[in-house]
There are 2 protein chains.
Amino acid sequence: MPKTQPPRPRKVENPRKPFERHVPGIRYGMLDDVVGYAIRRAQIAIYEEFDRELLPLKITPPRFSSLLLIENNPGLTQTQLAELIGVVRSGMVALIDFFEAEGWVRRDGKAGDRRAYHLRLTSKGAAHLAVAKSRVAALEDRWSSRLTPAEKRKLLALLDKVGPPGA
Amino acid sequence: MPKTQPPRPRKVENPRKPFERHVPGIRYGMLDDVVGYAIRRAQIAIYEEFDRELLPLKITPPRFSSLLLIENNPGLTQTQLAELIGVVRSGMVALIDFFEAEGWVRRDGKAGDRRAYHLRLTSKGAAHLAVAKSRVAALEDRWSSRLTPAEKRKLLALLDKVGPPGA
DNA sequence: TATTGTTATACTCTATAACTATA
DNA sequence: TATAGTTATAGAGTATAACAATA
């Protein structure tokens, strides 16, 4: 009996090239002097690698910072955490739901106020976060490989001063 | 005849507080040493103001950089522009459609290749971009108000070196 | 066979508004 | 009357996959 032709493997379109910050021959105009664009460029480059290393752990940037803030400030409420990372309360619900489903975070009742929860890491969550932290630390080392420790400190300090004076 | 009670103005919930980068009393753990998070913090603070100043002009960050790249490199194709700003081709279509609908950008036929377009600013687009540029420049001045010119140059140079060595 | 622009589609984020149960 | 968490919903933004016209 005639063998059916297996479907020819479709050529993968859009083999996403890694983002290139300064393409030779392109004139960027004032973009090269705009802090906001320099930040955007650096962020694209950084997030690409963050996703590649941490998505297998189901960790995204907002998840990472949320878990870290819960670890360092046990008992935070959802509203407090939402303000800390700059999202609205309703957006925090799905995030904590996910953490709970993974068994990483507990919603503990708050004594004296039955509306609110205290957020705490479970031991499983703490162990998972430890793995994530070491990967992030490794990424940081790689990212900073072209910076001296003094330059990195300088960069952090300068970033902290950028933006509207009040922030 | 009895006047109908006008609906009592509902209290606005979620009066969005401006993002605060370092909340007193909160422990940020290793987040304070992570370049990626420092960048994220600065970006949130910066984009809030960008939106407030530029959205009335219908300008968003990707629109701004796209228009600027078209101005400085007239004749770019959509695929080239998409790669420059780090989005896929299909995402560029809606962006250019919008520019065309506003009358800011023309799709010129490419001689010798009827598949592609050369993108160019219209005079209306150039004029609009000029206004946007001056507002962005003003924002830059405000954002950099706490940085000396030398510090700003240093920041741009350091941001350029952050990330995977190849980028 | 490859490429340009396009469409269709879906998924993630995140926002607003309204609801509930508490306070 | 206000607040914590929640739900419903909608709008950006951006991704993948497939397609037509063209190379």
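Keep in mind that the numbers below use all heavy atoms, side chains included, and drop hydrogens, waters and symmetry copies. Here is the naming used below: chain letters follow the sequence lines, and residue numbers restart at 1 for every chain. No experiment lies behind these values; they were computed from the predicted model shown.
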Geometric class of the B:Trp104/B:Phe99 ring pair [parallel <30°, tilted 30-60°, perpendicular >60°]: tilted
Between C1' of D:dA12 and CG of B:Leu55, the distance in whole Å: 11 Å
Parallel, tilted or perpendicular: ring planes of B:Phe50 versus B:Phe64, cut at 30 and 60 degrees: perpendicular
Stepwise side chain to side chain contact (heavy atoms under 4.5 Å, CB included) check, B:Thr122 with B:Val105: CA-CA 5 Å; B:Thr122 63; B:Val105 167; 5.8 Å; no
Touch class at under 4.0 angstrom, heavy-atom based, for A:Val87 against every strand present: sugar-phosphate
Side chain A:Arg115 and base C:dA21 donor-acceptor under 3.5 Å: no
A:Gln43 and A:Glu48: CA distance, side-chain angles, deciding distance, side chain to side chain contact (heavy atoms under 4.5 Å, CB included) verdict: CA-CA 8 Å; A:Gln43 200 193 36; A:Glu48 274 179 6; over 6 Å; no
Atom-to-atom span, CG of B:Leu81 to P of D:dT14 - whole angstrom: 12 Å
Residues B:Ile26, A:Leu76; criterion side chain to side chain contact (heavy atoms under 4.5 Å, CB included); working and verdict: CA-CA 10 Å; B:Ile26 295 296; A:Leu76 281 178; 4.2 Å; yes
Residue whose closest nucleotide on DNA chain D lies nearer the 5' end, A:Gly91 versus A:Ala116: A:Ala116
Between P of C:dT14 and CZ of B:Phe19, the distance in whole Å: 12 Å
Rounded distance (Å) that lies between atom C1' of C:dG5 and atom CG of B:Leu95: 14 Å
Side-chain N or O of A:Arg89 closer than 4.0 Å to phosphate OP1/OP2 of C:dC19: no
Among B:His22, B:Arg146, B:Arg41, side chain to side chain donor-acceptor pair (under 3.5 Å) partner for A:Asp160: B:His22
Rounded distance (Å) that lies between atom P of C:dT3 and atom CE of B:Met92: 19 Å
Length of the line joining A:Asp113:CG and D:dA2:P, which is rounded to integer Å: 17 Å
Nucleotide of D:dA4, C:dA23, D:dA23 approaching A:Arg114 most closely (side-chain heavy atoms): C:dA23
Spacing of B:Gln80 atom CD relative to C:dG5 atom C1', expressed in whole Å: 13 Å
Spatial distance of atom CZ (A:Arg40) from atom CG (A:Leu31) [nearest 0.5 Å]: 12.0 Å
Euclidean distance, atom CG of residue A:Asp97 to atom C1' of C:dC13 [Å, nearest integer]: 15 Å
Minimum-distance nucleotide to B:Thr79 side chain [options: C:dG5, D:dA15, D:dA23]: C:dG5
Contacting residues from residues 56-75 of chain B, given that a heavy atom lies under 4.0 angstrom of DNA chain C: none
N/O donor-acceptor pair, side chain B:Ser90 with base D:dT14, under 3.5 angstrom: no
Touch class at under 4.0 angstrom, heavy-atom based, for A:Gly112 against every strand present: sugar-phosphate
